[in-house]
Amino acid sequence: MDSSKLMTMKEAVSKFVADGDTVYLAGFTHMIPFAAGHEIIRQGRKDLTLARATPDIIYDQMVAAGCAKRLIFSYAGNPGVGSLRCFRRAHEKGVPKPLEVEEYTHFGLSGRLFAGATNMPFLPMRTNLGSGLPAENDLIKTIKDPYTGDEVSVVPPLKPDVAVVHVQRADANGNSHIWGIIGEQKDAAFAAKKVIISAEEIVDESVIRSDPNRTLVPDFLAHSVVHEPWCAHPSYVQGYYDRDNEFYMEWDKITKEHDSTMEYIQEWVLGVEDRAQYMKKYPKSKLDALLPKPAFSAPVNFGSV
Amino acid sequence: MDSSKLMTMKEAVSKFVADGDTVYLAGFTHMIPFAAGHEIIRQGRKDLTLARATPDIIYDQMVAAGCAKRLIFSYAGNPGVGSLRCFRRAHEKGVPKPLEVEEYTHFGLSGRLFAGATNMPFLPMRTNLGSGLPAENDLIKTIKDPYTGDEVSVVPPLKPDVAVVHVQRADANGNSHIWGIIGEQKDAAFAAKKVIISAEEIVDESVIRSDPNRTLVPDFLAHSVVHEPWCAHPSYVQGYYDRDNEFYMEWDKITKEHDSTMEYIQEWVLGVEDRAQYMKKYPKSKLDALLPKPAFSAPVNFGSV
Amino acid sequence: MSEVSPTELMVIVAARELKDGESVLVGVGVPNLAANLAKRLQAPNLLMVYESGAVGSNPSRMPLSIGDPCLVSGAKSVCSMYEQFAYYLQGGRIDVGFLGGAQIDKFGNINSTVIGSYKAPKVRLPGSGGACDIASNVKKIIVITPHEKRRFVEKVDFLTSPGFIDGKDGWRKLKLQGGGPYAVITNLCTFKFDELTGEMTVVALHEGVTIEQVQENTPWKVKVADDLESTPPPKQEEIEALRALDPQKIYLR
Amino acid sequence: MSEVSPTELMVIVAARELKDGESVLVGVGVPNLAANLAKRLQAPNLLMVYESGAVGSNPSRMPLSIGDPCLVSGAKSVCSMYEQFAYYLQGGRIDVGFLGGAQIDKFGNINSTVIGSYKAPKVRLPGSGGACDIASNVKKIIVITPHEKRRFVEKVDFLTSPGFIDGKDGWRKLKLQGGGPYAVITNLCTFKFDELTGEMTVVALHEGVTIEQVQENTPWKVKVADDLESTPPPKQEEIEALRALDPQKIYLR
């Protein structure tokens, strides 16, 4: 067991995220690694290309903090609430700095990541034709189907420099069990050159090995393993804590102005040392309300021959 | 709960497998639905196109019994033992009748099924170039990568008329939990026009719903659900019974001649009514030796919000 | 009419379009309410597939986002994001998809990307998400939208999700596997699409609405079906079932 | 030499080629033995990936097939068949792949498809399986084969898995991501491949074997390395570890 992979988020970001990198913080609404995004802001990374299907609040914060020069995305909204105001300020008005955009449909972006993870030369897909997106994005091309002669839209693989994937449980080497909405976690881990695994719980290897079908990320992909409970707050972790919806709505108000946004970032990101301090600062009653009642999976028998 | 899907293998094959169909009995070494193959033989289906990455013993039997006119495959061996003699007799000598072949690599065939399951126009892949296979199979084409200009091999989707997928546990509607080697089960179910689910156990819907991440085949794909314990013998079912390796080795001797093969088929396929009778006839001591010791997965908490 | 809100009316009318046994790709909010209402009334075997990969969900509360954990606990199955789009949508497994958007034109083309020009937007909207993928691959697209002049436009600023483009010929050339726009449900009326030309056509007026009111709120000369109908008013059963779905009125304002 | 069988010798020599930390795509039988032997000796962190989708297996017995349940119970992960080929092989995640076959030529091209013509075979062999996919995508291909004249041929009857085709130029044109053939290990010697021409070259003779013996069993004029070495004889430690892996001599005949 190569326990040298175990480190703090501070160490992991310091070692594996560089200025100018293309970064993918994975998770489709679920298990978004907010703690990693905050640490990237604290360490002042800049000129990042931020890739995510749904930039969500985490990229809105990183854009406001000036970390990003480009956004690769497919849906730039505050899910269930409305706009991402920091994204809009940067893109529409260049505040705090201009933001380039590279835009896809959900299928197109998740397809690019899948193609990156599996190293496909390119991925043909039944979408984009008729839409205005290909005209605004040279990476979406049209070719001829060799079987039917029809026009087919294709996208190229996406291979981020670094991906952060938050999981429910991992062993010290990074073998990771994920359940609930599994989004693009597996594809992000396989597509990226460097992978930071962050986990609610670090468990013994035997727990992982008791259910290999549940392992979406095998250890050899992981460059670092961070034990980071509540990493995903205010998003959620199936079976661990619910989404803090109140905060998602509050974000809409916090971000009305760049200044008010930066006050938040000063207090809750730059003003704390790490996720543990952030959680300590957060009202405990609000957190308690996010804890679900237990509902366990029926076990399965793998058998031993 | 639409319990009208529950039926015997005899009813399922009678309703959903027709002469001339392209049939995919799924399972990469694991959970091969032998009981379905035997029932197809008993019902005298003919002119079938049999598709499977590994024809294995089951297609060898169906070829010997005269059900097949064409084989789509990627590895026609008796895994761990040697040749598939019935396949060879049909293909090399036309005994009992000629057999056309359509051949791929494992990646090519599993890729065709994946493309069929996801309705891709075609699938680009890093294989086939340099091999002699494309020259013998017009469906493997080469096109130009629009990003690099390089030559890329592509295959078209495969959409069988009917797939049989054996699973560990399903509910009465066909929601199916599968674990262990998951091969091409999911892709076969999504690619096929009609799907027969066969299960070691029929469980309450609540068991399936306790772990939705384990459901590889959702119910709306299933046209029929068959409760068929030991369906996969002499192949195996993770957690339920081991491979009957002795029989795999014996098959090599049984099939030395077409006549000796047909004697086997007469006794063990045509000579029994169904899988239950086959199992009753099989020496119990041999079956007992195939039962594994239990080894359960560590449960996970899905939580209830 | 006075007792239901415009949103409630739209949801009730939309729910009626869903048939038992159909599969529907559901977003949160209003489409989720319409699908769940149909399931409780005429379509108990409606298969609900969520963009987040959850299938056959059994939610214990009104989902707060497309990936709400209540969509997973007790669902029939869950798959990854690429899988959801590839196996379900591209796989041709979805009958009905609901779409919204900032602008729609008479051929059902939808803009949810940008007001103004793409390169220098007046208002940058969230973008396609799965909308273009849904529009390209489901058998029937149903649009639910308030009937406002800024939403119904002669030409969308950006074509995010294809409707019938410039009419059915333009659309046929794309060879999409989907069936294209099927209905647009507003607070005033229900539009369907002319089979030959692909143009949006008023097929039913909601209670108390005149065709003049529809025309006033639509910038082009609206086409009206020969057999124009009146939308049957919401039944007590529909209203009660709907309100039970969103007791806190999160979406039913 | 008298105390190890030809198969044991080949497995021991092959195992020595594996480095700690490498990933290896393992088939059952002889390659499985070689990988497991290396893991027990110089390469404790060898990552074993099986064609059936099992990764980091911890088998309780000698696997009987590529999909033996003992490869799953206690493994690190399992994925589907397409995923195994797509994420691992095509993904460029595999360093070493073992191949066998009925025929091999001097550029490392392998035939496992047919003896005679494809359309009217004298002997129909199982075919590629994953062999061509492995040959096209791993960094190093290692071939383990008995040294017989019917196996070493001037021209393969069918090219199942590409080696260096007709030399490195022909191979470069294919732009495969893999590194091509790396070593051929027989019961007589170890071949590696000339960096410039891609031709199979004897680099080491096993104990007691002469270059004449190699030539006698190879139909073309064999190329010999300038610095031809002697294969270090099997060590007691290697022999014991190997035999412990297959106590019933299922593969070590």
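First the proteins, then the strands, lettered A, B, ... as listed; each starts at 1.
The candidate with the highest count of non-hydrogen atom pairs below 4.5 Å against chain A, out of C:C79, C:P63, C:A75, C:A54, is C:C79. For the options C:V72, C:I250, C:D133, heavy-atom pairs under 4.5 Å to chain A are most numerous at C:D133. Of the listed residues C:Y251, C:Y50, C:Y82, C:W171, the one with more heavy-atom pairs under 4.5 angstrom with chain A than any other is C:Y82. Contacts with chain A were tallied for C:K173, C:Q84, C:E51; C:E51 has the most, counting heavy-atom pairs under 4.5 Å. Of the residues considered (C:A131, C:A86, C:G53), C:A86 shows the highest number of contacts with chain A, using heavy-atom pairs under 4.5 Å. With chain C as partner, the option from A:S131, A:S297, A:P55 having the largest number of non-hydrogen pairs under 4.5 angstrom is A:S131.
Scanning residues 143-158 of chain C against chain A with a 4.5 Å non-hydrogen threshold yields C:F158, sorted by number. Proximity to chain A among residues 96-120 of chain C is limited to C:T113, C:Y118, C:K119, judged by heavy-atom separations below 4.5 angstrom. Using a 4.5 Å heavy-atom cut-off against chain C, the contacting residues of residues 234-252 of chain A are A:Y236, A:Q238, A:D242, A:R243, A:N245. Of all residues spanning residues 91-100 of chain A, those with a heavy atom less than 4.5 Å away from chain C's heavy atoms are A:H91, A:E92, arranged by number.
Summarising the geometry of A:L129 relative to C:P162, their closest heavy-atom pair is O-CG, 3.8 Å, with the distance given to 0.1 Å.
Contact annotation for C:S73: both backbone and side-chain heavy atoms come within less than 4.5 Å of a heavy atom of chain A. With a 4.5 Å cut-off on non-hydrogen atoms, C:L176 touches chain A through its side chain but not through its backbone.
In this structure, A:F107 and C:F85 have parallel ring planes: the angle between them is below the 30° cut-off, well short of the 60° mark.
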